2 protein chains.
Amino acid sequence: MQTPGEFVREQVTTVRETVDRVAGSVAESVADAPSVASVSSQVGDFIREQRSAARVSLRELARAAGVSNPYLSQVERGLRKPSAEILASIARGLKISAESLYEQAGILDRRSGNPDTVAAIRSDEALSERHKAVLLELYETYVREHRAAAQTSSQPAAETRISKESA
Amino acid sequence: MQTPGEFVREQVTTVRETVDRVAGSVAESVADAPSVASVSSQVGDFIREQRSAARVSLRELARAAGVSNPYLSQVERGLRKPSAEILASIARGLKISAESLYEQAGILDRRSGNPDTVAAIRSDEALSERHKAVLLELYETYVREHRAAAQTSSQPAAETRISKESA
DNA sequence: CACCTCCGCTTGCAAGAGCTAGCACCCCGG
DNA sequence: CCGGGGTGCTAGCTCTTGCAAGCGGAGGTG
């Protein structure tokens with residue numbers, strides 16, 4: 001069905017649309033239940049949400065992450081708690097940061113607050129001014145998109161196919 | 001007056017090229033499905049170094065970390081690879097950040113560039129995980145370009161590699 | 001209908017994590 | 001001399017991880 005390459009392709013398309021301001025409601029709903037308690041053992045749910053959002057099958061992700069599909073299935077349903085390496089592999093396969101997975105697993109402490117991303121980019125000496133501008137513009141577009149997606153998913157949501165309220 | 005949007009629009013070509021390169025490397029790494037870092041012995045050495053530096057006995061650290069002393073011994077000598085939880089416990093017992101231990105374990109990637117910016121993007125709750133990944137890739141590519149441009153004598157950013165930038 | 005492929009899940013098994021108990025060695029105080 | 005307590009390491013065990021094989025079901029071809 002969908003190869004990892006196709007997945008990346010999709011992301012690229014998303015970026016292009018974003019940059020061009022086509023604003024075609026790309027809307028990946030990423031449910032990240034911020035201040036919900038009892039997050040600790042919900043890694044499996046989080047993984048499944050991310051995987052569904054990327055529209056990747058269990059077997060695809062398993063192959064991309066280098067784990068067996070039955071095991072990934074069990075991890076997603078919370079029957080197994082994967083080791084650090086496996087967790088990192090899955091994060092890699094999902095193309096999300098390993099930190100966020102670890103935070104979901106309750107292994108790393110959630111970094112608090114909003115260290116101002118904009119300020120960080122602006123004051124970054126390792127970037128040229130042009131690149132700063134591009135990054136900031138892209139960042140703001142993403143933020144808008146994310147906010148829009150969050151609102152859509154809280155509404156009855158005709159377009160969104162991933163339901164976050166399955167807790 | 002040039003709005004930021006127009007300015008970015010001018011840079012669209014640049015972004016596209018960059019994204020294409022990033023996508024290529026991402027696809028490579030995903031299709032690769034690498035065997036996730038040969039972990040063990042470095043972490044053990046690192047732990048033992050930290051423990052000796054803190055003048056803490058093996059049993060003491062084991063008690064502080066909530067693991068058995070023989071097991072900690074085996075971990076330090078690389079005979080066992082501890083789970084993420086145990087690793088975090090040990091980090092807590094050593095009073096060092098879990099991230100640094102994880103980086104030593106090769107479980108978390110050390111990113112290039114300004115750690116503040118990276119941390120800001122990663123911990124930004126207004127971004128989806130996938131957008132974080134895209135922004136980080138783009139950011140690192142820019143950093144590499146900038147660095148290459150600074151060093152006019154070296155080769156100009158010929159290859160885009162994903163993470164694992166050797167410091 | 002049979003036949004194929006992919007989906008996710010269940011089942012048994014090898015390998016390894018992590019524990020308790022016990023080893024040998026060292027330095028002090030009787 | 002003999003405890004007693006400190007260091008780290010070894011042996012054996014239990015339980016989990018993670019995999020290969022196989023299950024029934026959904027969807028597409030002929």
Side-chain angles (χ1 to χ4, degrees), chain A residues 1-7 40-41 43-94 98 101-102 104-107 161-163 166, chain B residues 33-94 98 101-102 105-107:
Chain A
M1 168 88 82
Q2 192 188 37
T3 69
E6 285 169 354
F7 166 69
S40 46
S41 67
V43 209
D45 293 338
F46 182 73
I47 292 175
R48 181 155 290 192
E49 283 172 13
Q50 293 294 317
R51 182 172 64 80
S52 308
R55 279 160 298 179
V56 178
S57 80
L58 190 147
R59 281 182 151 90
E60 279 294 327
L61 174 58
R63 206 172 312 132
V67 302
S68 71
N69 49 90
Y71 186 63
L72 180 57
S73 166
Q74 290 169 318
V75 166
E76 286 189 350
R77 285 176 299 146
L79 303 182
R80 296 272 199 273
K81 56 177 190 176
S83 72
E85 296 172 16
I86 300 286
L87 223 45
S89 293
I90 293 175
R92 232 171 267 221
L94 279 172
L101 255 191
Y102 284 7
Q104 285 289 326
I107 293 167
R161 70 179 62 79
I162 313 299
S163 64
S166 59
Chain B
S35 54
V36 187
S38 54
V39 184
S40 42
S41 58
Q42 310 172 351
V43 204
D45 293 340
F46 182 73
I47 292 176
R48 180 153 288 192
E49 282 173 16
Q50 293 295 316
R51 182 172 63 80
S52 313
R55 314 241 168 209
V56 179
S57 78
L58 190 146
R59 280 183 153 87
E60 236 176 308
L61 174 57
R63 205 179 317 125
V67 300
S68 70
N69 49 89
Y71 184 63
L72 180 56
S73 166
Q74 288 170 319
V75 166
E76 285 189 351
R77 284 175 299 145
L79 301 183
R80 295 275 195 272
K81 26 184 176 179
S83 72
E85 297 170 4
I86 299 285
L87 224 44
S89 294
I90 293 175
R92 223 172 295 131
L94 279 172
L101 250 192
Y102 281 33
I107 292 168

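Computed from a prediction, not measured in an experiment: that's the story for all the values here. Every chain is numbered from 1 and lettered A, B, ... according to where its sequence line falls, protein lines coming before strand lines.
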Original post:
What residues form a side-chain hydrogen bond (donor to acceptor under 3.5 Å, both in side chains) with B:Glu49, not counting sequence neighbours?
Top reply: none

**OP:** Answer yes or no: is there a side-chain heavy-atom contact under 4.5 Å between B:Leu58 and B:Arg51?
**Re:** yes

**OP:** Output all residues satisfying side chain to side chain contact (heavy atoms under 4.5 Å, CB included) with A:Arg80, sequence neighbours left out; order by chain, then residue number.
**Re:** A:Tyr71, A:Gln74, A:Val75

Subject >> Which residues share a side chain to side chain contact (heavy atoms under 4.5 Å, CB included) with B:Gln50, sequence neighbours left out >> reply: B:Phe46, B:Leu94, B:Ile96

**OP:** Apply salt bridge (charged side-chain N to carboxylate O under 4.0 Å, His left out) to A:Arg48 and list each qualifying residue two or more places apart in sequence or on a separate chain.
**Re:** A:Glu76

**OP:** For B:Ser73, enumerate each residue passing the side-chain hydrogen bond (donor to acceptor under 3.5 Å, both in side chains) test, keeping only those at least two apart in sequence or located in another chain.
**Re:** B:Arg77

Original post:
Which whole-number value in Å describes the distance from A:Glu85 CD to C:dA15 C1'?
Top reply: 14 Å

Original post:
Quick one: does A:Tyr102's side chain have a donor or acceptor within less than 3.5 Å of a partner on A:Ala84's backbone?
Top reply: yes

Original post:
With sequence neighbours left out, what residues match B:Glu60 under salt bridge (charged side-chain N to carboxylate O under 4.0 Å, His left out)?
Top reply: none

Original post:
How large an angle, rounded to 10°, do the end axes of the helix from C:dC1-D:dG30 to C:dC28-D:dG3 enclose when each is built from five base pairs?
Top reply: 0°

Subject >> Base-contact (B) and sugar-phosphate-only (S) positions in nucleotides 7-22 of chain D, heavy-atom cut-off under 4.0 Å, - elsewhere >> reply: BBBB------BBBBB-

